[in-house]
Every structure is written in structure tokens, then in C-alpha cells.
Amino acid sequence: MTALSWDGSAPPSGRTETSRTVDAGLLTLRVTAVGSASAPAVTVTDLAVPGVLLIEATTVEPDARLRIEWQLPCTGATAYWTPNTNARWLPPSWANPREASLPKGAPVGSLVGQGDGALCTFAVGELVRPVAIGEGAVEETGRYSWWIEQDGPGIALRLDLSGRHFADTVRECADWWAGLAPVRAVPDAAFEPVFCTWYALHLAMAATDVERLAELAAPLGFRSLIVDDGWQTDERTRSYATTGDWQPAPTDFPDFAAHVARVRGLGLNYLLWHAVPFVGDRSEAATRLAGHTLAHLPTLETYLLDPRSPTVRAHQVDRLAAAVEQHGVDGLKVDFVDTFAHRPAAAPHTASPEADCATVAEGVQRLLAALDERLRATRPDVLVEHRQDYLGPGLWPYATMVRAADCPHNAVENRVRTADLRLTAGPLAVHADPLTWHPEESPEQIAVLLQSVLFATAQVSVDLAAQRPEQLAALRFWLGVMAEHRELLQRGELRPHRPELAYPVIEARRAGALAFGRYAPLPLRAAGHWRRLLVANADPDTLVRVEFDRAPGPVELLVQDCLGGEVARAQTPVDGTELAVRVPTGGLLTLGRVG
């Protein structure tokens, strides 16, 4: 690639800065220390894969801000990938920058070209503090432009210009992050299907309602239950005014420990919802924590706590840990962490007088670290769910699973979000937003919903008592498929294809097994070695075509419908490089090589 020169744009007026232009071999970067009289020190290292670089910049000025800028010709670009599942078309360079920090997002992005090759994938080696990111197409020059900016004293940028599949380059960025901080092992229970109460019950629940659903969920293959918002209040309106005390609702949950024990006796792990940034307007804690908040959120009827306050952290840790220590639950659903990063502009300087760290992100880390230590002291294998879009590597030590953002009834969005999370989640289990459907939904479409999150841990939230036998059969069959092939589907090497088309095909590969999710009438390319091949057909087109790079020879073929019923079984020779098989919508094709 020809080295590129910068476009000569001037720094914003009124800023003191010194810049250094660095020829990195494949492109030219400008590294700037804003607020410094001396130029930053810069090193460029070629990593093991050709075309992958590590750029490290430092400044001696403690209050300086470091900025790295680079550009590439915007030729052949088809999509721009970011981890928050935003629109995949290319943004303009003048679009608002994004900020990534521990409570929100991750500092990574990829410009994707033809054939899903990454034209440029970048990641910043920051786990906690905010990183500002600008990215977009420059309309005047036809180039694609990036800049990253962070308070000093140092910044590290990983650039991948190798042209490999974008998913491989993003996943390697996550591997790089894993080397920057300790990573805990995640218990197998985090990868097992979950029944969640939210869409099924919302706030209108009592202990008897939860136990009724738990009794129905366990025989279907669910292994965990999340009791969502509502356990802490007898109210039925959607308000967060009662958050912050975190005591069981006295009428609906009169003996919480006994209730938890009954659910756990069914063989289910019990997880309990908490909105960690909130202290509600009608809570007792709101009075005690007054003066230690970032803002008031009138629409939600709650205050946003300042996690930089030791008083706030001590209160939240005590109350959240009580769920495990006093009530015997197996874990927590820790919700709304990203709200810490959405402080209203009307109160930008509000802070606790006892704030003991510079940024809210650092306060969040201290809060989660203290909570993690307390939880693991009682239950070393505690389960903790976070969700998009707080998904960065700084959260990995304090979670076991990360869930797609709310997208009820939306199979496509759930598919894209879970695939995106798989690329950046590191060791964590990736969970779907709970699947929900109308009581009259067909078994085929229930199967399609499950197929859409085939490469994640399924969560479901419907009234199980209202389901017809065939609806439950579809649910039971696909939960069984996911359990049988969990290592392939959830821990295999994942490649979602065509991000600009919302991933019409997703594949995973592991130890001689290959799986495809087919979400559009496209051929599937089964390259390389495989002994077993699975195809989940979620498209109305039932003619599934599989293309091979070499003739596989005789194969055992099994076609099942959405309920698991056998449609076809045969041993058939495949002497060419294509096989066409009719697979019902919501059904499964399994091929096994003979000999």
C-alpha cells in the first residue's frame, strides 16, 4: 500500500499542540499532544501478522491529551462495523464522534470491503477511561478518516490492514485486550439457556407467578431463571422510583429466601435484577445518598448516583450483595450501567463532594470491583449479566455474560446484536435479548426466532402456560440442538457474513464441525475440513444449496422440521461440489461424512 500524506487540516483554534508525523510503512499517521509544548514520543511495532501494527504514543505533560489521526482511500468499502450494532452504512467524517469507556461501548471499529475483508480494523488499548473516536468518509477527498483522542500520559493503537475477514480481525483485537488485564474463567452455567420474567410478566408478578413459570421452564431445558424488575416493589407502573433500597416487595414476595430455595430446587440457577446506577425518588436511600448524585432523571423518577463516591459504592455493594448473602440467589442481572455514560448535559459538573477518582468510568470500575469481591466471597461461581452497550474489556473481570440490548419481537436485530457481541465479548457468554412472541405465533416462526440467536445463549420470556403443545415442541427441540452443539455454536470460531445486509449467513467452526445459520436464500460455502455440518434454515426458501471446495464423497443426511420430526434420512454420494436439499423453514439439515 502506498504511504499516505495528511490533508493538512489545522488544529482547532485556541489549542496548543505539537504534532509528529509517523510513517508506519503502510500509511502515514499524525500523532499530536494537545496542551503540550513538546512533541509526543511515538513507537511503531510490526506484529506477528503482516499488515498489523501497534502504535504507542506518550507525553511528558501530565495534563496533555493525545490524539492519533490517519486516513485511507475509501475504495471498495461496503460497510462500517462498530460494536454497538449501529447502522452499517458509512458515516460522514463530520458526524458526531462517539465515546467508548468502561460503562459504554468498546474502542474498536472496522471498515469492511468486498468479500468481508477488513480494509482497516482498529482498537485502542484502553479498558476503563473514556476514548473519543471520530470516523467517517471525507466527502472532499474520497478517503476514510479516523481519529482517536484520550487524556495522557499514553495511548496505544492497534491497526490491522491485513485484508483478512473482518470478524477475524475484530476477534484478534479482543484477544489483544485480554492480554492487558486479568481474565477470569466463566462457569459453564453462563452458557446454558435462561428463562427471563420481563416480557412474560413485566412488573405484574408475585412469588407464585415466578414459581409457576419456573416449574414449566425447567423440563424444557432452561437452566437459569432471571427475575427481572418488579421483585423490589408492589407497584405495577413502569417507574424506577422504588429502586435503591433493594428489598423484596413485602406483599408479592413475603418470604424471599424460601421462594428462591423453591426455584433452585427445580434445578434452576436464580438471578436477580438490579439497576445499579439508580436511587429512586420514593426510596429511603434517596435521602441518605442526597448530594452524591450526578443528575436527576425526572422521566424515570430516579437519581443517577455518582460511583466516584465511597458512600455510594458501599451502599450499592451492601444492597446488591444481600441478594446472594441473605436470599441465596446464584447471581445478578446488573442493569443500566450505560446510564452512567449518559449524564444529562444540564448537569455536567454535578458530583459527590467525596469523589475519589477523576472520571465516572473509574468510579464504575471501583464499584464493580468491590461488588465482585463481595459476591465471590460467598459464591465463587456467581453469575453476573451485563448487556449491550456496556460491553468493553474493562467489564470482563466482573461479568460472566453479556446480553443483546432490548429488541423484543425483532429476530433480525437480535441476530445481528448477538453476532456483534460474539466478536468482542472475549471470555464472556453472549446472551440473546429474551425471545418473545404472540400467543398465536406458528411453531415455524418460533423456531426461526431461536435460529436467529443460534450462536448465542438463548433467553426466552413468554407465558409458558399459554403455549400450545406444538409451540413448546419447537422450543424444546431447538433448545436441545443448542445444548447438544454448544461447543460449536457458542465457542466456535464465528464468521458472520455481509454486515451491510444484516448477516444473511453466519457460520461457526470448531474441531471438525461446521454450522451455518441461513437467513436468506443464499448458497452456503463449506470450505476446508469438516466431519459434521449443520444448517439451520430460517428462510422461507426451502431449497438449501451447499457448495464445497472439494467433493466430500458419501454423506449421511438428516433433515428435521421445526419440531425435530424426521423429514428425510439417507446416505447419499456427493461426487461434485454442490448439494441441494429441501429443508423446511425452521428446520435443520445435518450432514456427516462417511468413512
Side-chain angles (χ1 to χ4, degrees), residues 197-198 201-207 209-210 225-261 263 270-340 350 352 354 363-364 366-368 370-375 378-379 382 384-386:
T197 62
W198 179 242
L201 298 174
H202 289 99
L203 278 76
M205 66 174 173
D209 302 311
V210 173
L225 174 78
I226 292 178
V227 174
D228 214 296
D229 188 3
W231 67 272
Q232 81 292 349
T233 178
D234 288 324
E235 297 182 9
R236 294 293 186 257
T237 58
R238 289 215 194 170
S239 164
Y240 297 101
T242 59
T243 60
D245 295 332
W246 303 120
Q247 299 283 358
T251 301
D252 290 335
F253 292 90
D255 188 343
F256 204 78
H259 156 70
V260 170
V263 171
Y270 195 116
L271 282 77
L272 196 58
W273 174 86
H274 292 77
V276 69
F278 295 165
V279 58
D281 291 358
R282 295 194 295 278
S283 68
E284 294 181 9
T287 300
R288 288 189 288 108
L289 298 177
H292 301 290
T293 62
L294 295 170
H296 183 248
L297 308 178
T299 303
L300 302 182
E301 298 183 271
T302 186
Y303 290 89
L304 179 62
L305 293 169
D306 187 348
R308 296 170 295 180
S309 161
T311 298
V312 165
R313 297 198 297 266
H315 171 82
Q316 293 296 70
V317 169
D318 280 345
R319 295 315 314 141
L320 270 66
V324 173
E325 297 168 349
Q326 299 176 22
H327 305 314
V329 308
D330 299 279
L332 305 179
K333 173 179 177 175
V334 180
D335 211 355
F336 289 106
V337 171
D338 49 341
T339 310
F340 283 122
T350 304
S352 165
E354 62 179 29
V364 175
R366 294 187 183 193
L367 169 59
L368 295 178
L371 176 62
D372 178 77
E373 181 179 9
R374 182 82 168 264
L375 294 175
T378 300
R379 192 175 294 280
V382 66
V384 178
E385 182 198 90
H386 290 173

Checklist entry - Is any side-chain heavy atom of V337 less than 4.5 Å from a side-chain heavy atom of V364? => result yes
Item to check | Candidate pair L297 and Y303, rule side chain to side chain contact (heavy atoms under 4.5 Å, CB included), full reasoning | outcome: CA-CA 6 Å; L297 308 178; Y303 290 89; over 6 Å; no
Item to check | Spacing of OH belonging to Y240 relative to CZ belonging to F278, to within rounding of 0.5 Å | outcome: 6.5 Å
Item to check | Test item: R236 and D252 side chains (from C-beta on) under 4.5 Å apart, heavy atoms | outcome: yes
Item to check | Spacing of H315 atom NE2 and L367 atom CG [to the nearest 0.5 Å] | outcome: 11.0 Å
Checklist entry - Under the criterion side chain to side chain contact (heavy atoms under 4.5 Å, CB included), which of V210, L272, T197 is the partner of D228? => result T197
Next on the checklist: In the structure I gave you, are the side-chain heavy atoms of R374 and V324 within less than 4.5 Å of one another anywhere?
Outcome noted: no
Item to check | Sub-4.5 Å side-chain heavy-atom contact between D234 and P250 | outcome: yes
Checklist entry - Measuring from E235:CD to L203:CG, what's the distance to the nearest 0.5 Å? => result 8.5 Å
Item to check | Exceeds 12 heavy-atom contacts within 6.0 angstrom, atom OH of Y270 | outcome: yes
Item to check | Over all atoms of both residues, closest heavy-atom pair of F336 and P277 | outcome: O-CG, 2.9 Å
Next on the checklist: With side chain to side chain contact (heavy atoms under 4.5 Å, CB included) as the test, pick out the partner of L294 among D306, T339, V312, L305.
Outcome noted: D306
Item to check | Side-chain donor/acceptor of R308 to backbone N/O of G363, under 3.5 Å | outcome: no
Item to check | Smallest separation among heavy atoms of A275 and Q316, with atom names | outcome: O-NE2, 4.4 Å
Checklist entry - Do W231 and F256 come close enough that some side-chain heavy atom pair is under 4.5 Å? => result yes
Item to check | Validation row: L225, L271 side chains within 4.5 angstrom (heavy atoms) | outcome: no
Item to check | Exceeds 12 heavy-atom contacts within 6.0 angstrom, atom CD of E354 | outcome: yes
Checklist entry - So, do W246 and L320 sit near enough that their side-chain heavy atoms are less than 4.5 Å apart? => result yes
Next on the checklist: Nearest 0.5 Å, please: how far is CG in L300 from CZ in R238?
Outcome noted: 12.0 Å
Checklist entry - Can D330 and R379 be counted as an ion pair, charged N to O under 4.0 angstrom? => result yes
Checklist entry - Are the side chain of D245 and the backbone of A285 linked by a donor-acceptor contact shorter than 3.5 Å? => result yes
Item to check | Heavy atoms from other residues, nucleotides or ligands near CD of Q326 exceed 12 (cutoff 6.0 Å) | outcome: yes
Checklist outcome for this item: Between L201 and D209, the two heavy atoms sitting closest are CD1-CB, 4.1 Å
Checklist entry - Can T243 and T302 be said to form a side chain to side chain contact (heavy atoms under 4.5 Å, CB included), step by step? => result CA-CA 8 Å; T243 60; T302 186; 3.9 Å; yes
Next on the checklist: Distance check, rounded to the nearest 0.5 Å: E284 atom CD versus T242 atom OG1?
Outcome noted: 12.0 Å
Checklist entry - Can you tell if the side chain of E301 reaches within under 4.5 Å of the side chain of R282, non-hydrogen atoms only? => result yes
Checklist entry - What's the shortest heavy-atom distance between T251 and P254, and which atoms? => result O-CD, 3.6 Å
Item to check | Closest heavy-atom pair and its distance - M205, D229 | outcome: CE-O, 3.5 Å
Checklist entry - Between S283 and A286, which heavy-atom pair has the shortest distance, and what is it? => result OG-N, 3.2 Å
Item to check | Distance in Å, H274 NE2 paired with Q232 CD, rounded so as to fall on 0.5 Å steps | outcome: 8.5 Å
Checklist entry - Between the main-chain N or O of S239 and the side-chain N or O of T237, is there a donor-acceptor pair closer than 3.5 Å? => result no
Checklist entry - When you check the side-chain N and O atoms of H296 and D281, is any donor under 3.5 Å from an acceptor? => result yes
